[in-house]
Participant: 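So that we are looking at the same thing, I have put the structure below in C-alpha cells.
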Amino acid sequence: MTQLNARQKEAVLYIDGPCLVLAGAGSGKTSVITRKIAYLIQTCDVPARHIAALTFTNKAAREMKERVSNLVRGSAAKGLTVSTFHNLGLNIIRREYRSLGFKPGFSIFDAEDARSLLKELMLKDSDLDSDHLNLVQNKISNWKNDLITPKRALESAQSPGEQTIALIYQQYNQALRAYNAVDFDDLILIPVDLFQQHNDILIRWQKKIRYLLVDEYQDTNSSQYLLVQLLVGNRGSLTVVGDDDQSIYAWRGARPENMVQLKVDYPQLRVIKLEQNYRSTSRILRVANHLIANNPHEFDKALWSEMGLGDHIRVLRCAHEDAEAERVATEILTQRLRKQNKFRDYAILYRGNHQARLLEMKLQHHQIPYKISGGSSFFAKTEIKDVMAYLRLLVNPDDDNAFLRIINTPRRHIGTSTLEALGSYASQRQISLFAALDEVGLQSHIPEKNLERLVRFSHWMRQVAKNCASSDPIISVREMIDDIDYVGWMHQNSPSSKAAEKRIENVFYLVESLQKSLDKTEDDDEDDEKRIQDAIAKLVLRDLLERQEEEDESDQVQLMTLHASKGLEFPHVFMVGMEEDLLPHRNSIDENNIEEERRLTYVGITRAKKTLTMTLAGKRKQFGEHSATTPSRFLDELPKEDVEYEGFGEHNVEKNTAQGAETLNSLLNLFD
DNA sequence: AATCCTGGAGTTTTT
DNA sequence: CTCCAGGATT
C-alpha cells in the first residue's frame, strides 16, 4: 500500500459503511477504486463475483478491469463485475426478461431509433409538428430519468402542450413494448421498476452484489442513483467517487445533487476528500481553484500539488478566428521545436464541434498531424446502422424499426403504398410488420406482385434465422450479407470507390467484433441463439468494440470538445474560443446555466499538466457575418498574477485589476 | 424513385 | 456560411 497518500489509504481501507470520496481532478481516483477492489478481494476475502464497480463509459470500465487484474494475483479477480450502468441494466433485464414480459432477443433502440419512432408517432396523430422532435425526445428522456411514468406525466402536465407530449410518451412506450424493444433510459429504469415490484428478485441481486463501487458519481441521474440504493439496501456496502466540480452533464439528466443527497440518505456516510493533485503545476491548480470558487459549493475543496509552480497561464487575444487558429498552429510548431516536445503532448479543446473545422484547416496547412476525437461515431454510419438493423431483425422479428430500415436496403422494389398497407394491416391486427407478412389475410390488401416481394423477403429472413440457429451463426451472418449483395450496394451508393471500400471494411469490422464476442463466450452454458442475441445487444452498447486503440502510439495533436476531454490529461493544453456566447455558450447564458459552463472551463483547465494557453478572437464570423466578440467572463475570474495577457492593448492588465469583473472588457474599450 | 431545391437552424452527447 | 431535412420536381 505504498504509493497511496493518507487520504487515499483511508478511502481504500474504510469498508464499514457508505463512503463518499470527493476526488478532485487528477487526484488518483481510479487508483482508489482499483486498490479498494483489490483490498476487498485479497484482504477482506470478499469473492470477486460479489463485487461490482460501475462506470459511465466502456472505456473507463475496460481500463479499470485492466488495472484490477494487474493488482490481483492469479484468478482471484475472476467473476468481478466492472461495467457501465447500462450494461449492468442490460444484464439484469437479460436474466429477468421473463418476469418483465419480454421475449428473448429484445432490441435496444439507440437515440436515432428512438427519434425515428417518435417522429412517426408525432406525425400520425397530433398537432405537434416535427420541429419539436428534439424537445419531445428530451422531455421523455428526462421523464424516464426521473422515474416518471407516462401516467404520472399526464396527470401532472402543466399545459396542453405538455399533455400532448405525455400522450406521445405513452404511445412511445407502448410501441417499444410492441417491438419487444427498450431504449437506453429503459436499461436503468426497467431494472429499478423490477426491483421495486419484486422484492424476491431484488434480494437475489443484493445477494449477488455485496459491495458496490461507483465512479463519476456526480454524473448519475435519479434512476441510476435509485438503482444503486436498491442494490445496496441497508447494508451500506458502498463507495462512490466523484467531483461535483466536474459535473458537466446536467443537461443530459445528471444530478450532481446526488452527492449531497447521499449525506441525507446515509447519515453515517464517511466523506473523504482527495485534494492532492498528481497532474498539474500549482499555477494551473491555483487558476482552476480561483475560477471554480465562483460557484457555490456544498463541499469545499482546493487542489494542490507538488509539481512546482510552473509557467504562467497565457491568454492570447487574436484579431479574428482565422488568426486564432493560425496562432495555435504556429505556437505548437515553435514550442515543439524549442522544447523538443511531441505533437501528442498538445491538446486543443473547444466548446463546440464546429470549432474544429478551422483548426483542422490550419493544422493541415502547417502539416501538423492531428486527431479529432468525437464527432460522428462508428455506429452513426449508415452501413453500420443497416447491418445492425439486419442483425436486430434476425433476433427480434418484432423490431419494426429495423424492418423499415432494411426492407428496401438494398432495393427490393417495395414502395411506400405497399408498406402503408402492410402497416395498417399490422396495426389493425396488433402484430408486428414482419409477423404480418405471413398472414393470409394480407392478400386482399396488397397487389399480388408486391405481396410476392414481401413474402420472398420473409422466407429469406426466416431461412437466415434458421441457419443461425442450426449452424455457425457468424457464417450465416456472412452469408446473409452476401445474399443481399451489400458490397455491391455499397459500391453503388458511395461517392467514390474509396469510400465504398472503407464502408465495406467497417461492415466486416462489425462482423469481426460479433465473432470475437461469440468466441469469448463459447464456454458459457447458454445456447447459440441466446449468445448471438446477447452479442448483438451488447454491440448496440458499443461494449465489444475493442475499438482499435490504434494510433494511440502515433504522434498527433489531440483535438476534442471540452466534454470529451474529461478524464484525460495533456502536457500542453490550448483552450480556444474563450468568448461570451461560446464559453459560456449563448444558450447556457439564456438558460442561466453559467455554473455548468464554469465547471466545463474548470475541466478544461485541469486537463493541463504543464502549460495552459487560452485564446480568443476579437471578431468572429458567425452565421455568415463578422461581429465583434466579448471576452469570456471566465477570463475575468482567473487570478491576474498567474496570467500573462497578450493582445489586449498596450496597458498592463495587472494595473487595472481593481475594477473587478469588467476589467478585460473595459480595457478593450480603451483600446478600440 | 431519384434528384434537386429551398428554408431554417446553428451546444455539449459517456450509453 | 454550411448543413441538413423535407418537399417538390422530373
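Within every chain, numbering begins at 1; the chains are lettered A, B, ... in the order of the sequence lines, protein sequences first and strands thereafter.
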Participant: At under 4.0 Å between heavy atoms, what does A/R586 touch on the DNA or RNA strands: base, sugar-phosphate, or nothing?
Facilitator: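 Nothing: the residue A/R586, judged by heavy atoms under 4.0 Å, touches no strand.
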
Participant: Using a 5.5 Å cut-off between ring centres and planes within 30 degrees, is A/H585 stacked on the base of B/dT11?
Facilitator: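 So A/H585 counts as stacking on the base.
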
Participant: Rounded to the nearest angstrom, tell me the gap between atom CG in A/N91 and atom P in B/dT15.
Facilitator: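 It works out to 16 Å between those atoms.
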
Participant: Just call it for A/R357: base, sugar-phosphate, or nothing, with non-hydrogen atoms closer than 4.0 Å on any strand.
Facilitator: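 Since only primed, P, OP1 and OP2 atoms lie under 4.0 Å of A/R357, the category is sugar-phosphate.
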
Participant: Assess whether one donor atom and one acceptor atom, taken from the side chain of A/R252 and the base of B/dT11, lie less than 3.5 Å apart.
Facilitator: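 Answer is no: no donor-acceptor pair is held.
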
Participant: Does anything in residues 183-190 of chain A reach DNA chain B, meaning a heavy atom under 4.0 Å, and if so which residues?
Facilitator: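 A/F184, in order of number.
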
Participant: For the side chain of A/F623, starting at C-beta, report the closest nucleotide among B/dT13, B/dG10, B/dT15.
Facilitator: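 It is B/dG10.
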
Participant: Once you apply a heavy-atom cut-off of 4.0 Å, does A/G567 come out as touching a base, just sugar-phosphate, or nothing?
Facilitator: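 The answer is nothing, as A/G567 stays clear of every strand by at least 4.0 Å.
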
Participant: In whole Å, what is the span from the CD1 atom of A/I248 to the P atom of B/dT11?
Facilitator: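 Nearest whole value for this atom pair: 17 Å.
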
Participant: Side-chain N or O of A/K621 less than 4.0 angstrom from OP1 or OP2 on C/dT2?
Facilitator: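 Checking C/dT2 against A/K621, no side-chain N or O comes under 4.0 Å of OP1 or OP2.
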
Participant: Over 60° means perpendicular and under 30° means parallel, so classify the ring planes of A/F184 and A/H86, tilted if in between.
Facilitator: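 A/H86 vs A/F184 ring planes: perpendicular.
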
Participant: Say you pick atom C1' in B/dT11 and the same atom in C/dG6; how far apart are they, in whole Å?
Facilitator: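 It works out to 24 Å between them.
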
Participant: Taking only the side-chain nitrogens and oxygens of A/N353, find out if one of them lies under 4.0 Å from OP1 or OP2 of B/dT12.
Facilitator: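 Checking A/N353 against B/dT12: at least one side-chain N or O falls below 4.0 Å of OP1 or OP2.
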
Participant: Closer than 4.0 angstrom, basic N to acidic O: yes or no for A/K144 and A/D185?
Facilitator: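 Here A/K144 does not pair with A/D185 in a salt bridge, since their nearest N and O are not under 4.0 Å apart.
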
Participant: Is there a side-chain contact between A/N134 and the phosphate of B/dT11, meaning an N or O under 4.0 Å from OP1 or OP2?
Facilitator: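 No.
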
Participant: If you assign each of A/N587 and A/I414 to its closest nucleotide in DNA chain B, which residue comes earlier from the 5' end?
Facilitator: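 Whichever sits nearer the 5' end wins; that is A/I414.
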
Participant: Quick one: A/K566 NZ to B/dT13 P, roughly how many Å, whole number?
Facilitator: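 My rounded result for the distance is 13 Å.
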
Participant: Rounded to the Å, how far apart are A/I536 CD1 and B/dT15 P?
Facilitator: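 It is 19 Å, rounded to the nearest whole Å.
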
Participant: Quickly work out the A/D590 CG to B/dG10 C1' distance and round it to whole Å.
Facilitator: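 Those two atoms, CG and C1', are 14 Å apart.
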
Participant: Sub-3.5 Å donor-acceptor pair from the side chain of A/D110 to the main-chain atoms of A/D113, do we have one?
Facilitator: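 Yes, A/D110 side chain to A/D113 backbone: donor-acceptor pair under 3.5 Å.
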
Participant: If you check every side-chain atom of A/T84, which of B/dT15, B/dT13, B/dG10 has the closest atom?
Facilitator: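 The answer is B/dT15, which lies nearest to the side chain.
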
Participant: Strictly distance-based, threshold 3.5 Å: is any side-chain N or O of A/R607 a donor or acceptor partner for the main-chain N or O of A/V603?
Facilitator: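 Such a contact is found between A/R607 side chain and A/V603 backbone.
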
Participant: Measure from the side-chain N and O atoms of A/Q137 to the backbone N and O of A/A111, and report whether any donor-acceptor pair falls under 3.5 Å.
Facilitator: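 Here the side-chain-to-backbone pair exists.
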
Participant: Quick check for you: among B/dT11, B/dT15, B/dT13, whose closest atom lies nearest to any side-chain atom of A/Y249?
Facilitator: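 For the A/Y249 side chain, the nearest candidate turns out to be B/dT13.
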
Participant: Hey, does the side chain of A/T561 come within less than 4.0 Å of B/dT11's phosphate (OP1/OP2), counting only N and O?
Facilitator: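 Answer no for this pair, as no side-chain N or O of A/T561 is under 4.0 Å from OP1 or OP2.
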
Participant: Check whether A/N258 reaches the backbone of A/T220 with its side chain - one donor and one acceptor, N or O, closer than 3.5 Å.
Facilitator: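 Here the side-chain-to-backbone pair exists.
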
Participant: Without decimals, in angstroms, what is the distance between A/L562 CG and B/dT12 C1'?
Facilitator: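 Taking atom C1' of B/dT12 as the reference, CG of A/L562 is at 9 Å.
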
Participant: How many whole angstroms separate atom OH of A/Y350 from atom C1' of B/dT11?
Facilitator: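 About 13 Å, once rounded to whole Å.
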
Participant: Identify whether any heavy atom of A/F85 sits under 4.0 Å from a base atom; if not, whether one sits that close to sugar-phosphate; answer base, sugar-phosphate or nothing.
Facilitator: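 Nothing, no nucleic acid heavy atom in range.
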
Participant: Distance between the P atoms of B/dT12 and C/dA5, in whole angstroms?
Facilitator: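 Comparing P positions in B/dT12 and C/dA5 gives a spacing of 16 Å.
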
Participant: With sequence neighbours excluded, tell me which residues meet side chain to side chain donor-acceptor pair (under 3.5 Å) with A/Y179.
Facilitator: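 Per chain and number, A/Y179 pairs via side chain to side chain donor-acceptor pair (under 3.5 Å) with no residue.
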
Participant: Has the side chain of A/E579 got a donor or acceptor atom that lies under 3.5 Å from a matching backbone atom of A/L616?
Facilitator: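 Not a single qualifying donor-acceptor pair exists.
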
Participant: Here's a test of your reading of the structure: between A/T416 and A/D219, which maps to the more 5' nucleotide of DNA chain B?
Facilitator: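 Result: A/T416.
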
Participant: Indicate whether OP1 or OP2 belonging to B/dT15 is found under 4.0 Å from a side-chain N or O atom of A/N58.
Facilitator: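 Affirmative; the distance criterion is met.
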
Participant: Can you check whether any acceptor in the base of B/dT15 is under 3.5 Å from a donor in the side chain of A/R542, or vice versa?
Facilitator: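 Answer is no: no donor-acceptor pair is held.
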
Participant: Roughly how far apart, to the nearest Å, are C/dC3 and B/dT14 at atom C1'?
Facilitator: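 26 Å, rounded to whole Å.
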
Participant: Check for a donor-acceptor pair, side chain of A/E324 on one end and backbone N or O of A/G577 on the other, with a separation under 3.5 Å.
Facilitator: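 Side chain of A/E324 to backbone of A/G577: a pair is present.
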
Participant: Using a cut-off of under 3.5 Å, enumerate the N/O to N/O pairs linking the protein to nucleotides 7-10 of chain C.
Facilitator:
none

Participant: Treating A/S141 as the side-chain partner and A/N138 as the backbone partner, does any N or O pair qualify as donor plus acceptor under 3.5 Å?
Facilitator: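 Answer holds: no.
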
Participant: Which residue, A/L20, A/I37, A/V21, A/I33, forms the side chain to side chain contact (heavy atoms under 4.5 Å, CB included) with A/T239?
Facilitator: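 Filter result, single survivor: A/V21.
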
Participant: So does A/R633 get a backbone contact from the side chain of A/E580, meaning a donor-acceptor N/O pair under 3.5 Å?
Facilitator: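 Side chain of A/E580 to backbone of A/R633: a pair is present.
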
Participant: Whole-Å distance between B/dT12 P and A/F56 CZ?
Facilitator: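 Roughly 21 Å, once rounded to whole Å.
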
